[in-house]
Amino acid sequence: MVVFGCAGCGAVLTAPVAQVALPVHARQKWGNGVLLPVLMEPGTYAVDPEPSGPPWRLWSEVGVDEAEARGVFAPVRALSFGRRAIVVAPGEIRGTVLIPERCGGYCCGLDGSDGPNLACEQCGRAVATRIDDCSLWQAVRLDPGAVRRLPAVGPAPETVSWKTLAQELRDTPPFEESGHWSARCAAAAGAALAHLLAASAGTPVAVPDGLVADTFGRALDALLPSGPMPKTVALAGPLLPHPAPELAPDISLVPQHPQTGRHGSHPAPA
Amino acid sequence: MTVRLAADVWMRLAGYHEWLPVPVTGGLPDDVQDHPYAPRSRTVPGSNGDRAAEGLGGRVDCESSAGVSAGAPGS
Ligand SMILES: [Zn+2]
Ligand SMILES: [Zn+2]
């Protein structure tokens with residue numbers, strides 16, 4: 001567990017938090033006028049692997065080559081060239097005040113488009129950006145250049161086993177009451193679909209009948225050619241039987257652990 | 001080659017948790033607007049989510065989804 005403090009005066013800025021992977025839906029924008037929940041679980045933080053916040057550069061200024069080097073292959077209006085933020089739940093923040101002139105550009109809350117909107121209460125340094133406007137997952141993004149890690153306050157929590165995780169996740173519904181996919185389920189499926197497409201390298205893929213085909217099949221059919229010798233896709237992971245080597249798929253769809261961000265693999269054959 | 005899927009969704013596809021008592025059809029791409037499991041609402045271009053993600057200034061009331069004039073990138 002770590003506590004983040006102000007790099008200027010050393011004041012405590014967060015409760016003790018343990019590092020986890022950034023949720024896949026961190027950058028999701030959902031609906032309009034919809035207030036989304038808090039992104040991060042209590043007592044956790046994540047380091048965003050992508051830059052966020054200002055300075056921004058328009059797509060026309062960035063150019064295709066530089067964007068591709070950043071892993072952005074489809075045009076966007078503008079790319080952030082900001083820092084890689086430390087993301088926590090708003091409830092973990094201590095000792096900050098809003099910067100009134102940085103709170104513009106919102107309708108239901110703050111969207112962070114003006115840059116850092118939270119200052120250290122003690123010394124006034126801009127330290128973080130609170131985001132809680134509609135359509136956005138609520139979070140506070142600490143500026144890594146304005147905060148520092150204070151001495152650890154106890155060991156990090158143990159990594160939850162897959163079996164325990166399965167029990168914990170049982171109550172995370174993939175659907176809203178209306179029957180529509182939940183925002184996080186749609187984000188998870190969308191991210192996996194993008195990676196499936198990349199893994200296909202544009203060649204035909206074959207997904208197993210059932211829920212995998214129901215979830216991804218139609219989009220893959222629409223986006224990839226059909227043809228002989230498709231790459232095979234199958235679920236693989238810690239809770240499933242190990243396939244015989246000759247039956248191993250070309251592309252394994254594996255679970256990503258929310259704590260570590262690592263994927264689960266099969267247990268070693270007995 | 002491996003492709004990762006968020007654990008909670010993966011566990012449902014793997015049959016570890018119940019998914020839904022009715023068949024699920026994929027959410028993309030052709031008839032996304034009307035099939036019953038499409039995301040309820042797509043982000044309106046120029047909505048606040050877009051502006052935040054793209055560093056655009058200006059203020060938009062979420063009650064109004066009318067045209068949004070794009071501001072200059074924030075500084
Ligand atoms: Zn300070
Ligand atoms: Zn709003």
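All values below come from the heavy atoms of this structure, side chains included, with hydrogens, waters and symmetry mates left out. Naming: A, B, ... by sequence-line order, numbering from 1 per chain.
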First locate atom [atom1] of [X], then atom [atom2] of [Y], and finally report the distance between them rounded to the nearest 0.5 Å.
X: M11(B); Y: Q167(A); atom1: CE; atom2: CD; answer: 10.0 Å
X: L5(B); Y: S252(A); atom1: CG; atom2: OG; answer: 13.0 Å
X: L13(B); Y: L235(A); atom1: CG; atom2: CG; answer: 6.0 Å

Could you pull out the closest heavy-atom pair between [X] and [Y], with the gap in Å?
X: P255(A); Y: A7(B); result: CB-CA, 4.2 Å
X: L211(A); Y: R12(B); result: CD1-O, 3.4 Å
X: V3(B); Y: A192(A); result: CG1-O, 3.7 Å

Sidechain-backbone polar pair: R4(B) side chain, H195(A) backbone, donor-acceptor under 3.5 Å: no
Over 12 non-hydrogen atoms of neighbours within 6.0 angstrom of CZ in R170(A): yes
Exceeds 12 heavy-atom contacts within 6.0 angstrom, atom CD of E50(A):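 More than 12 within 6.0 Å, yes.
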Top contributor to chain B contacts, counting heavy-atom pairs under 4.5 Å, from L196(A), V233(A), L220(A), V212(A):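 Among the listed options, the one with the most contacts to chain B is L196(A).
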Side chain / backbone / both / neither for A191(A) at chain B, heavy atoms under 4.5 Å: neither
Side-chain heavy atoms of W10(B) within contact of L240(A), under 4.5 Å: yes
